[in-house]
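Working notes, structure below.
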Amino acid sequence: MLYRQWVLSLPRCVRFLLARDSNLLGWVVTRFLAKVFAWQRRRARRLGLVDPLPPPSDAEVGRLLAQIARTIHARVERLAEDDDEPPDALAHDQAAALSEPALARFAAVSSASRRTAFVEGYSLHADREIDVD
């Protein structure tokens with residue numbers, strides 16, 4: 001049986017927040033998995049499949065990354081606005097990195113290789129299959 005490996009990489013500002021906030025880390029992992037699994041279920045229904053799906057297209061990986069990045073970034077922005085702790089140098093840099101409107105930032109998804117997408121420091125790679133037999 002083949003499984004697809006999905007690898008999500010995050011911008012530095014988000015990684016720093018996740019290192020400081022384990023609840024946010026759990027939320028990000030849960031949302032990432034929920035988005036990927038929902039996409040897989042929709043695609044399987046559309047194709048009429050019950051067995052493993054064919055590999056995603058480059059465009060599908062790009063669209064999925066844009067959705068994931070918008071979801072994570074919106075949450076991170078809300079947390080940054082609600083943060084009552086006094087600012088430190090790291091918090092200042094994080095706030096500066098989050099200052100652009102989220103929707104405009106995640107419109108231009110690019111791809112450098114097959115089944116890989118990049119947008120605003122986020123990347124998603126889905127080209128690796130793992131045989132578990």
Report the distance from atom [atom1] of [X] to atom [atom2] of [Y], rounding to the nearest 0.5 Å.
{"X": "Arg4", "Y": "His125", "atom1": "CZ", "atom2": "NE2", "answer": "9.5 Å"}
{"X": "Arg75", "Y": "Leu24", "atom1": "CZ", "atom2": "CG", "answer": "6.5 Å"}
{"X": "Glu120", "Y": "Leu65", "atom1": "CD", "atom2": "CG", "answer": "10.5 Å"}
{"X": "Leu8", "Y": "Tyr122", "atom1": "CG", "atom2": "OH", "answer": "8.5 Å"}
{"X": "Leu25", "Y": "Leu17", "atom1": "CG", "atom2": "CG", "answer": "11.0 Å"}

Just wondering, do [Y] and [X] contact through their side chains at under 4.5 Å, heavy atoms?
{"X": "Trp27", "Y": "Ser22", "answer": "no"}
{"X": "Cys13", "Y": "Val76", "answer": "no"}
{"X": "Pro11", "Y": "His73", "answer": "no"}

My understanding is that only residues two or more places apart in sequence, or in another chain, count here; which of them pass side chain to side chain contact (heavy atoms under 4.5 Å, CB included) with [X]?
{"X": "Pro52", "value": "none"}
{"X": "Ala59", "value": "Ser57, Arg63"}
{"X": "Asp131", "value": "Leu2, Asp133"}

Contacts of type side-chain hydrogen bond (donor to acceptor under 3.5 Å, both in side chains), residue Asp21, not counting sequence neighbours: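 Asp21 satisfies side-chain hydrogen bond (donor to acceptor under 3.5 Å, both in side chains) with no residue once adjacent residues are dropped.
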
side-chain contact (heavy atoms from CB on, under 4.5 Å) partner of Phe32, chosen from Leu64, Thr71, Leu124: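 Of the listed options, the one satisfying the test is Leu124.
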
Heavy-atom pair of closest approach, residues Ala117 and Gly62: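 The answer is CB-CA, 3.6 Å.
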
Donor-acceptor contact below 3.5 Å, side chain Asp58 vs main chain Arg115: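 Indeed, once roles are kept as given, a pair shorter than 3.5 Å links the two residues.
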
Connected via hydrophobic side-chain network under 4.5 Å: Val36 and Val29: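 Same hydrophobic cluster.
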
Connected via hydrophobic side-chain network under 4.5 Å: Ile72 and Leu33: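 Yes, one cluster joins them.
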
Shared-cluster residues of Tyr3, by chain and number - hydrophobic side chains joined below 4.5 Å: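 Taking Ile, Leu, Val, Met, Phe, Trp and Tyr as members, Tyr3 shares its hydrophobic cluster with Met1, Ile130, Val132.
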
Pairs involving residues 29-56, ordered by first then second residue, that meet side-chain hydrogen bond (donor to acceptor under 3.5 Å, both in side chains) (sequence neighbours left out):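 The answer is Arg43-Glu60.
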
